[in-house]
Amino acid sequence: MLPQIAALPLVIEVTIQSNRFVICHADYPDNHYIFGKPVNEEAILWSRDRIVESSNGQIKAISGADQFIFGHTPLQTPLQTPQQFANQYYIDTGAVFVGNLTLLQIQGGDSQL
């Protein structure tokens with residue numbers, strides 16, 4: 001099973017009607033996204049820097065795609081609601097702790113929670 005897990009992509013890119021969505025576990029470790037660009041695996045899996053900075057008002061968009069979708073950091077917002085900062089959605093609403101699972105429907109134009 002471990003070789004199959006190791007073979008999974010760190011970054012998933014989906015294009016729908018010319019809108020590019022990038023999905024990563026925790027973060028994309030750069031301010032400019034390029035498909036296939038070598039990235040720091042540790043940062044993609046564990047980084048919380050961007051969400052902490054955004055929560056503190058230091059919000060920066062990531063260029064190179066329309067929207068980025070991240071999990072990993074259970075949100076401590078009222079009712080554990082998903083958060084959006086610039087072009088980043090954070091959708092970990094604590095399913096492992098409180099049972100609230102969030103799904104994000106991606107489609108051309110807007111995304112819907």
Side-chain angles (χ1 to χ4, degrees):
M1 179 65 91
L2 289 179
Q4 293 169 328
I5 292 171
L8 292 172
L10 292 172
V11 177
I12 298 171
E13 180 182 305
V14 178
T15 301
I16 301 173
Q17 298 177 355
S18 75
N19 290 302
R20 187 181 307 177
F21 300 87
V22 176
I23 304 160
C24 302
H25 179 72
D27 192 10
Y28 185 76
D30 200 333
N31 290 325
H32 181 70
Y33 168 77
I34 299 173
F35 180 78
K37 175 182 177 179
V39 291
N40 180 310
E41 180 177 337
E42 186 81 10
I44 283 190
L45 295 175
W46 297 105
S47 177
R48 289 189 166 108
D49 294 342
R50 188 181 312 272
I51 190 170
V52 168
E53 290 171 0
S54 293
S55 295
N56 289 327
Q58 300 169 347
I59 301 168
K60 298 177 191 167
I62 304 171
S63 63
D66 298 293
Q67 293 183 354
F68 293 81
I69 302 163
F70 305 122
H72 178 67
T73 303
L75 299 165
Q76 300 299 315
T77 59
L79 304 176
Q80 276 104 4
T81 56
Q83 295 292 299
Q84 181 179 5
F85 298 105
N87 61 342
Q88 299 122 51
Y89 281 99
Y90 294 88
I91 64 169
D92 187 336
T93 49
V96 69
F97 302 113
V98 296
N100 296 338
L101 179 64
T102 296
L103 301 175
L104 179 70
Q105 179 179 347
I106 58 174
Q107 55 193 27
D110 297 323
S111 296
Q112 295 182 2
L113 293 169

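This is a predicted model, so every value here is computed, not measured.
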*Is it true that atom CD of E53 has more than 12 heavy atoms of other residues, nucleotides or ligands lying nearer than 6.0 Å?*
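Atom CD in E53 is packed in, count exceeds 12.
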
I need the minimum non-hydrogen distance between [X] and [Y], along with the two atoms involved.
X	Y	answer
S54	F85	CB-CG, 3.5 Å
P82	T102	CG-CG2, 3.5 Å
T93	L101	OG1-C, 3.9 Å
W46	A26	N-CB, 3.9 Å

Would you check if the side chain of [X] reaches a backbone N or O of [Y] as a donor-acceptor pair within less than 3.5 Å?
X	Y	answer
N40	E42	yes
D66	R20	yes
Q84	A86	yes

Are [X] and [Y] connected, step by step, through hydrophobic side chains (Ile, Leu, Val, Met, Phe, Trp, Tyr) whose heavy atoms are closer than 4.5 Å?
X	Y	value
I23	I16	yes
L45	Y33	yes
I12	I34	no
V22	L10	yes

*asked:* Suppose we screen for salt bridge (Lys or Arg N to Asp or Glu O under 4.0 Å). Which residues come up paired with D30, at least two apart in sequence or across chains?
replied: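 Only K37 meet the salt bridge (Lys or Arg N to Asp or Glu O under 4.0 Å) criterion with D30.
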
To the nearest 0.5 Å, what is the distance between [atom1] ([X]) and [atom2] ([Y])?
X	Y	atom1	atom2	result
F70	L104	CZ	CG	12.0 Å
I106	L103	CD1	CG	12.0 Å
T73	I91	OG1	CD1	12.0 Å

*Over 60° means perpendicular and under 30° means parallel, so classify the ring planes of F68 and Y28, tilted if in between.*
tilted

*Check whether any side-chain heavy atom of Q67 lies under 4.5 Å from a side-chain heavy atom of N19, and answer yes or no.*
no

_V39 side chain reached by E41 side chain, heavy atoms, under 4.5 Å_ = no

_The single option from H72, R48, R50, Q88 passing side chain to side chain donor-acceptor pair (under 3.5 Å) against D27_ = R50

